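Reading through the structure tokens given below for one structure.
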Amino acid sequence: MNPLKIGDKTARVPLIQGGMGVGISLGNLAGTVAQQGGIGIISTAQIGFREPDFDAHPSEANLRAIRKEMEKARAISPDGLIGYNIMVALKDYKQHVAAAVEAGADLIISGAGLPTELPGLTAGSPTKIAPIVSTEKSAKVILKYWSRKYHRTADLVVIEGPKAGGHLGFKEEELEHYSPEIYEQEIKKIIETVRGFADEYQTEIPVVIAGGIYDAGDVQRAMALGAEGVQVASRFVTTQECDADIRYKEAYLNASREDIVIVKSPVGMPGRAILNPFMKRVMLGEKIEHTPCHRCLARCNPAEIPYCITDSLIRAARGDVEEALLFCGADAYRAERMETVKEVIDSLF
Ligand SMILES: Cc1cc2nc3c(=O)[nH]c(=O)nc-3n(C[C@H](O)[C@H](O)[C@H](O)COP(=O)(O)O)c2cc1C
């Protein structure tokens with residue numbers, strides 16, 4: 001096992017814990033992963049939902065919570081690597097990036113859209129930056145754009161495949177097209193593209209593979225494809241240290257393979273989630289009533305959406321699992337018992 005080196009920052013274990021939005025990966029999970037030698041990632045998506053003024057002032061509440069969750073993580077791991085996942089689709093994307101840099105983020109990972117502005121927003125800071133890409137095409141587009149506009153390249157690239165949880169960077173028909181074997185070819189092409197940019201800039205750009213990394217065999221396969229590390233999310237949900245409500249974790253433990261489905265999201269990308277009474281109603285075409293807009297997404301028309309993504313993810317984080325959107329990876333059904341972060345990392349490596 002080689003450490004994961006991102007420029008001058010080194011993680012002893014070549015593992016990034018994937019960001020999980022709205023209260024699933026906060027300071028406790030990220031801090032514990034960092035303490036155990038991996039890179040802990042706090043998700044900024046509606047991170048302030050527990051702040052008392054969240055309904056009235058969501059932007060301020062989120063920015064405050066970005067700071068607070070880093071403080072929590074740092075208290076657990078003063079010297080480990082801790083970063084943020086910041087979705088490009090967020091209305092306050094730029095403000096979240098600025099707050100993350102100010103909070104001392106080691107790394108910012110951005111997906112759910114291509115993070116065209118990220119290098120400009122982090123310029124002059126020691127924060128490393130990584131786009132999430134799912135296809136060779138998206139890797140080429142973002143790395144060319146950064147090269148042309150900012151004369152720089154990525155510090156790390158996350159390749160997120162079709163088995164990931166949360167929002168997926170594929171259209172529904174693409175998800176059907178990509179068998180594991182076909183997607184491996186895509187991964188190799190993405191790695192080749194990334195190596196081209198690394199050569200051009202005479203630097204190293206480590207690549208990590210995400211989506212369906214569940215056991216040591218998956219880690220070895222990812223490394224054999226040429227990756228320097230893996231990003232793992234679902235497996236950490238059923239840890240004691242994960243920030244989600246215990247009922248959310250139990251929903252993973254109780255899910256079977258057939259319960260995991262592809263769902264439509266107001267973000268405009270397909271997502272993967274556990275089929276529950278809420279999702280059944282959505283799939284039958286019911287329009288779910290929602291609270292006043294939380295102004296989370298740059299592009300969302302509250303009058304048209306089938307359900308509010310923030311409402312449904314907050315209910316998930318709070319444990320109202322029947323009436324919530326329960327994002328999960330394709331292999332989440334494999335969880336059989338609660339573990340600790342250390343046990344998960346030991347079993348993967
Ligand atoms: C509950 C959940 C929430 C997620 N939220 C986000 C998010 O807010 N932003 C993001 O870029 N990725 C998100 N993801 C994707 C993960 O960061 C990760 O890349 C992916 O799930 C890896 O696949 P795995 O779950 O099979 O390990 C989420 C995944 C899950 C399971």
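Whatever order the structure lists ligands and atoms in, that order sets their numbers, starting from 1. Keep in mind it's a predicted model, so treat the numbers as computed, not measured.
- Atoms of ligand 1 lying under 4.0 Å from any heavy atom of Ser43, numbered from 1 in the order shown and given with element: 8 (O).
- Checked against a 6.0 Å centroid threshold, the rings of Tyr307 and Phe278 count as neighbours.
- Neither the backbone nor the side chain of Tyr84 has a heavy atom within less than 4.0 Å of ligand 1.
- Put simply, part of Gly211 is less than 4.0 Å from ligand 1, judged by heavy atoms.
- Side chains of Tyr201 and Ser147: a donor on one and an acceptor on the other come within 3.5 Å.
- For atom 30 (C) of ligand 1, the nearest protein heavy atom (residue, atom name, distance) is Met20 CG, 3.7 Å.
- Residues Ser43 and Asn85 have side chains that never bring a donor and an acceptor to within less than 3.5 angstrom of each other.
- Heavy-atom proximity to Cys328, at under 4.0 Å, picks out these atoms of ligand 1: 31 (C).
- At the top of the distance list for atom 14 (N) of ligand 1, counting protein heavy atoms only, stands Gly19 O, 3.3 Å.
- Using a 4.0 Å cutoff on heavy atoms, Gly111 does not count as a contact of ligand 1.
- When each atom of ligand 1 is checked for a heavy atom of Gln231 under 4.0 Å away, the hits are 17 (O), 18 (C), 19 (O).
- The distance from ligand 1 to the heavy atoms of Val232 drops below 4.0 Å at these ligand atoms: 27 (O).
- Checking each of Asp106, Asp8, Leu156, Ile39 against Lys128 for a side chain to side chain contact (heavy atoms under 4.5 Å, CB included) leaves exactly one that passes, namely Asp8.
- Glu286 CD: more than 12 foreign heavy atoms inside a 6.0 Å radius.
- Judged by distance alone, the side chains of Thr239 and Glu339 never bring a donor and an acceptor atom under 3.5 Å apart.
- Closest heavy-atom contact between Gly80 and Ser77: N-OG, 3.0 Å.
- Of the heavy atoms in Tyr248, only side-chain atoms (C-beta onward) come closer than 4.0 Å to ligand 1.
- Taking the six-membered ring for Trp and the full ring otherwise, Phe327 and His167 have centroids separated by under 6.0 Å.
- At the top of the distance list for atom 8 (O) of ligand 1, counting protein heavy atoms only, stands Gly21 N, 3.2 Å.
- Between the side chains of Ser125 and Thr122, no donor-acceptor pair of N or O atoms lies under 3.5 Å.
- Within the 4.0 Å heavy-atom criterion, both parts of Ala164, backbone and side chain, lie near ligand 1.
- Among all heavy-atom pairs drawn from Lys144 and Phe197, the shortest one is N-CZ, 3.7 Å.
- Within a 6.0 Å sphere centred on NZ of Lys9, heavy atoms belonging to other residues, nucleotides or ligands number more than 12.
- Proximity of Ile109 to ligand 1, defined as any heavy-atom pair under 4.0 Å, is not found for any part of the residue.
- Gly165 N, 3.0 Å is the protein heavy atom nearest to atom 21 (O) of ligand 1.
- With no hydrogens or angles considered, a side-chain donor-acceptor pair links Gln46 and Asn62 at under 3.5 Å.
- With hydrogens left out, the protein atom closest to atom 19 (O) of ligand 1 is Glu160 OE2, 2.6 Å, a heavy atom.
- Between Ile132 and ligand 1, a contact under 3.5 Å exists for no N or O pair.
- Annotation: atom 10 (C) of ligand 1 to nearest protein heavy atom, Asn85 ND2, 3.2 Å.
- Of the heavy atoms in His167, none comes closer than 4.0 Å to ligand 1.
- By the 4.0 Å heavy-atom criterion, Met87 is counted among the residues contacting ligand 1.
- When each atom of ligand 1 is checked for a heavy atom of Gly18 under 4.0 Å away, the hits are 17 (O).
- Taking the six-membered ring for Trp and the full ring otherwise, His294 and Phe49 have centroids separated by 6.0 Å or more.
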| request: Output, in order, the C-alpha distance, side-chain angles, deciding distance and verdict of salt bridge (charged side-chain N to carboxylate O under 4.0 Å, His left out) for Asp243 and Arg50. | output: CA-CA 12 Å; Asp243 296 273; Arg50 288 202 185 97; over 6 Å; no
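- Ligand 1 has no nitrogen or oxygen under 3.5 angstrom from a nitrogen or oxygen of Tyr252.
- Using a 4.0 Å cut-off to heavy atoms of Phe327, the atoms of ligand 1 that qualify are 1 (C), 2 (C).
- For atom 26 (O) of ligand 1, the nearest non-hydrogen atom of the protein is Gly212 N, 2.8 Å.
- In terms of N/O distances under 3.5 Å, ligand 1 is approached by Ser234.
- Contact annotation for Ser25 and ligand 1: no heavy atom of the residue comes within less than 4.0 Å of the ligand.
- The six-membered or imidazole ring of Tyr252 lies away from that of Phe236, with a centre-to-centre distance of 6.0 Å or more.
- Protein heavy atom in closest approach to atom 27 (O) of ligand 1: Ala233 N, 2.9 Å.
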